[in-house]
Each structure stands twice: as C-alpha cells, then as structure tokens.
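One structure is given below, encoded as structure tokens.
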Amino acid sequence: MSKVRTIVFGGLIAAIHISILLIALYAPSIFIDYLLMFVMPFFMAMYVIKCGFVPGLIVGAATVILGLFFDFTLFRSLLLLLPTLATGIIYGLLVKFKASNYTAVYVLTVANVGLFFASAGLISLFTEIDFIMNVKEIFKLHETVHSSYYAMLLLVGYCFLQSFLLHFIMKNQLKRMKSVCIYVVLQCITIHM
C-alpha cells in the first residue's frame, strides 16, 4: 500500500473512531454505548493488518489526542479509546504472527483488562477520580453500587466478551477475504488462458 493511501486510510479510521467516540459519549442509551465500544477495535485491527504496526500506532496516538480534544467529560474518552484502539492494534499483530485461537482470545483479554487499568490510572493522576469510579463511569453503574468485586467482574467479563467476538468475527472476515482473493486470481488465470 502506498504512503498516500496509508495516510488517507489512517485519517478515515481516525475519523470513524472519533465519530463513534462522540456518539458513545453523548448517547443517552447504555446499549448504544456498549455496542459502539465493541465495534471500535474492528477498524483498528483491519488497519493494522492492512498497513502495519507503526502506522497503526501513529493513527492510534492521533485518535487518542483528538479524542481528548473533543471530550468535555473529564477524560472519559481516554477510558473508551485507549483500550479499544490498543486491542485492535494487538489483534492486528496477533494475526500477522498467526497466533492460535486460544492465544489470541486470552492475550486480548489480559491486554484489554490491563489497558483499562492503565487508562484509569492515567485519569486518576490528573483528576481525583479513583479506579472503581472510572469503571462505574464506563459501565454507567449507579453510585449506590459499592461492591468493587462486582465492578471488576463486570470489567473482566466485558473484556473477555469483546476479545472473543473480535477474534471470531475477524477470523471469519479474513477467511472470506482470502477466499475472494483466491477466486479473483483463479478467474484472472482462466481468462488469460
């Protein structure tokens, strides 16, 4: 892929992520928020698979900076963007290294939980909001829920489900892309014979 196409495709991916972020930040429905958070890693994973790791890091960093610029809700965009973009980048690397199904799901789950911890830690450095409050903010839990175990279980379950869906949906899409490419090559060969 040429450099111009890589840059244009990266700008499109960043614009899609910022649009999804703005809908997730200001949507009144919790279901839309979760659905959009599940969709976000797919775009970055396709970009890393198509363009490579370094352009993926550059687009991810630019998207996080733009997200912080458009966010008026005390760094909530960092909680939404950092784990989802990094999950997409990590999945793209796992596909390039041809990781097994179990490895991909477990690595993505552990990385996603760790990234939620990292983003919540960054937020707690700049604000007076602790980690449990950040998790409650992500999942829109009521202030009356005082159990930190419930919030942590919800976070780990969410990360596992997102990793599982990302891997198996992307795996099927990549198989379709390969079969379409093989079909086109075979058609080109038969036409030229």
Side-chain angles (χ1 to χ4, degrees), residues 1-26 35-72 75-101 103-112 114-116 118-119 122-123 159 162-192:
M1 187 175 250
S2 71
K3 289 183 180 182
V4 173
R5 285 185 180 177
T6 302
I7 293 169
V8 170
F9 190 37
L12 178 66
I13 295 296
I16 289 171
H17 278 102
I18 294 299
S19 301
I20 290 172
L21 173 73
L22 291 175
I23 293 170
L25 285 175
Y26 302 112
L35 182 67
L36 293 174
M37 284 174 63
F38 272 118
V39 170
M40 288 174 99
F42 289 96
F43 299 111
M44 186 54 74
M46 287 303 291
Y47 184 74
V48 171
I49 291 168
K50 188 110 174 133
C51 299
F53 175 68
V54 175
L57 281 179
I58 293 169
V59 169
T63 305
V64 168
I65 291 170
L66 283 172
L68 289 173
F69 180 72
F70 288 115
D71 184 16
F72 301 110
F75 298 103
R76 186 159 186 261
S77 64
L78 192 64
L79 282 172
L80 296 174
L81 282 178
L82 187 65
T84 54
L85 292 175
T87 301
I89 291 170
I90 292 169
Y91 183 74
L93 285 175
L94 289 171
V95 167
K96 287 201 179 249
F97 290 128
K98 297 179 173 131
S100 69
N101 292 337
T103 304
V105 171
Y106 290 132
V107 166
L108 285 176
T109 301
V110 170
N112 209 350
L115 289 163
F116 270 110
S119 60
L122 283 174
I123 290 173
C159 291
Q162 184 183 35
S163 302
F164 182 80
L165 289 176
L166 174 68
H167 176 65
F168 285 104
I169 290 172
M170 288 295 289
K171 183 178 172 184
N172 290 333
Q173 291 300 320
L174 291 172
K175 282 183 183 177
R176 285 184 189 168
M177 286 173 52
K178 286 179 185 176
S179 64
V180 167
C181 290
I182 291 171
Y183 176 75
V184 170
V185 168
L186 289 176
Q187 288 297 323
C188 290
I189 291 171
T190 56
I191 288 173
H192 291 293

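Excluded from the calculations below are hydrogen atoms, water molecules and symmetry mates; all remaining heavy atoms, backbone and side chain alike, are included. Throughout, numbering of the chain's residues begins at 1 and tracks the sequence. These numbers come from a predicted model, not from an experiment.
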Please name the pair of heavy atoms, one in [X] and one in [Y], separated by the smallest distance, quoted to 0.1 Å.
X: F53; Y: I89; answer: CE1-CG2, 3.6 Å
X: T109; Y: S163; answer: N-OG, 3.2 Å
X: L108; Y: T87; answer: CD2-O, 3.6 Å
X: C51; Y: F9; answer: SG-CD2, 3.7 Å
X: M40; Y: H17; answer: O-NE2, 2.8 Å
X: G92; Y: V48; answer: CA-CG1, 3.7 Å

To the closest 0.5 Å, what do you measure between [atom1] ([X]) and [atom2] ([Y])?
X: N112; Y: L82; atom1: CG; atom2: CG; result: 10.0 Å
X: I13; Y: F42; atom1: CD1; atom2: CZ; result: 13.0 Å
X: T63; Y: L21; atom1: OG1; atom2: CG; result: 10.0 Å
X: I18; Y: L81; atom1: CD1; atom2: CG; result: 5.5 Å
X: F97; Y: T103; atom1: CZ; atom2: OG1; result: 13.5 Å
X: N101; Y: L94; atom1: CG; atom2: CG; result: 11.0 Å

Side-chain donor or acceptor of Y91 paired with backbone N/O of M46 under 3.5 Å: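 Side chain of Y91 to backbone of M46, a donor-acceptor pair under 3.5 Å: no, none is there.
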Find out whether F168 and V105 are in side-chain contact, i.e. whether some heavy atom of one side chain is under 4.5 Å from a heavy atom of the other. yes
Test V59 against M44 for side-chain contact (heavy atoms from CB on, under 4.5 Å), laying out the working first. CA-CA 9 Å; V59 169; M44 186 54 74; 3.8 Å; yes
